[in-house]
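Worksheet: the structure to be examined is printed underneath.
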Amino acid sequence: MNENDKQHKLDIRYLRMARIWSENSYCKRRKVGALIVKDKMIISDGYNGTPSGFENVCEDDNNVTKPYVLHAEANAITKIARSSNSSDGSTLYVTASPCIECAKLIIQAGIKRVVYSEKYRLEDGIELMRRAGIEIVFLDDKEEQD
């Protein structure tokens, strides 16, 4: 098995783990999970939800996501700031494609690869990361079952 095959298998497994991690989200409309991996070690994780200390309710009475809900990627990246790890040169596995706001955080965090499985209606986050030289890998859900 060559390096590309090994990496592809790892990508599928880490993405599956991110999907399982998304189950921790209290959000009803969409559950998103993220893992940051460096040197084959998970150095951070996150899922979408409210900031620490807030009630675990993501949507208002009209089923609209509250403006202060954090995305999974933002949660994983900000967790690193409170640890002794560095995300420089790491890979982010996220179940949904990053929005433009998360893309900016990903660039600034020094993440070099992003692997995701669900496409978002806007591609501006993906385009921005490509412009920054980040390797983008899309794995659809069918591949994830391997």
Side-chain angles (χ1 to χ4, degrees), residues 3-4 6-60 64-146:
E3 272 309 301
N4 283 346
K6 276 185 190 166
Q7 186 60 58
H8 183 70
K9 280 198 180 326
L10 281 174
D11 287 347
I12 289 168
R13 289 179 184 136
Y14 282 127
L15 205 49
R16 195 179 303 141
M17 291 168 77
R19 176 140 346 273
I20 291 165
W21 202 245
S22 75
E23 294 170 16
N24 289 317
S25 173
Y26 287 91
C27 297
K28 290 181 177 75
R29 290 178 66 212
R30 181 179 223 184
K31 296 178 183 304
V32 180
L35 295 177
I36 298 176
V37 176
K38 187 174 180 179
D39 302 324
K40 295 193 175 121
M41 284 189 308
I42 297 168
I43 59 168
S44 191
D45 56 62
Y47 50 88
N48 56 329
T50 55
S52 300
F54 282 68
E55 75 293 341
N56 287 318
V57 179
C58 298
E59 294 86 10
D60 63 19
V64 175
T65 301
K66 293 178 180 178
Y68 53 85
V69 167
L70 286 155
H71 289 185
E73 309 93 311
N75 262 328
I77 290 167
T78 55
K79 237 185 211 183
I80 286 184
R82 296 173 75 169
S83 76
S84 58
N85 284 316
S86 165
S87 54
D88 205 33
S90 65
T91 297
L92 170 73
Y93 293 90
V94 62
T95 58
S97 69
C99 70
I100 192 132
E101 292 302 317
C102 287
K104 292 189 278 188
L105 293 175
I106 290 163
I107 293 164
Q108 291 300 92
I111 293 168
K112 293 296 172 223
R113 266 180 102 236
V114 173
V115 181
Y116 72 101
S117 62
E118 285 173 33
K119 290 190 174 173
Y120 184 59
R121 58 186 165 79
L122 299 172
E123 291 275 310
D124 52 356
I126 298 293
E127 291 309 312
L128 187 66
M129 290 184 295
R130 279 201 178 104
R131 271 182 61 196
I134 294 171
E135 181 188 343
I136 307 293
V137 179
F138 171 73
L139 292 178
D140 65 25
D141 292 339
K142 287 177 273 318
E143 255 182 297
E144 226 182 298
Q145 305 310 313
D146 292 350

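Atom set for the values below is all heavy atoms of this structure, side chains included, hydrogens, waters and symmetry mates excluded.
Atom CD of Gln108 sits in a sparse spot, with 12 or fewer heavy atoms from other residues, nucleotides or ligands closer than 6.0 Å. Crowding of Lys66 atom NZ: a count of heavy atoms from other residues, nucleotides or ligands under 6.0 Å exceeding 12. The environment of Glu3 atom CD is sparse: at most 12 non-hydrogen atoms of other residues, nucleotides or ligands sit within 6.0 angstrom.
Between Ile107 and Lys104 the shortest side-chain heavy-atom distance does not fall below 4.5 Å. Annotation: side chain of Leu105 is not in contact with side chain of His71 (no heavy-atom distance under 4.5 Å). Here the side chains of Glu73 and Cys99 are not in contact, with every heavy-atom distance at 4.5 Å or above. Annotation: side chain of Asn85 is not in contact with side chain of Ser44 (no heavy-atom distance under 4.5 Å).
Counting only N and O atoms by type, the side chains of Asp11 and Tyr93 include a donor and acceptor under 3.5 Å apart.
When every heavy atom of Pro51 is checked against every heavy atom of Leu70, the shortest pair comes out as CA-CD1, 4.0 Å.
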Quick one, Tyr116 with Ile126, criterion side-chain contact (heavy atoms from CB on, under 4.5 Å). Give me CA distance, side-chain angles, the key distance, then yes/no.
CA-CA 10 Å; Tyr116 72 101; Ile126 298 293; 3.6 Å; yes

Run the numbers on Val57 and Thr50 for side-chain contact (heavy atoms from CB on, under 4.5 Å), then give the verdict.
CA-CA 7 Å; Val57 179; Thr50 55; 5.9 Å; no

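With respect to Arg19 and Glu118, a salt bridge is recorded, a charged nitrogen being found less than 4.0 Å from a carboxylate O.
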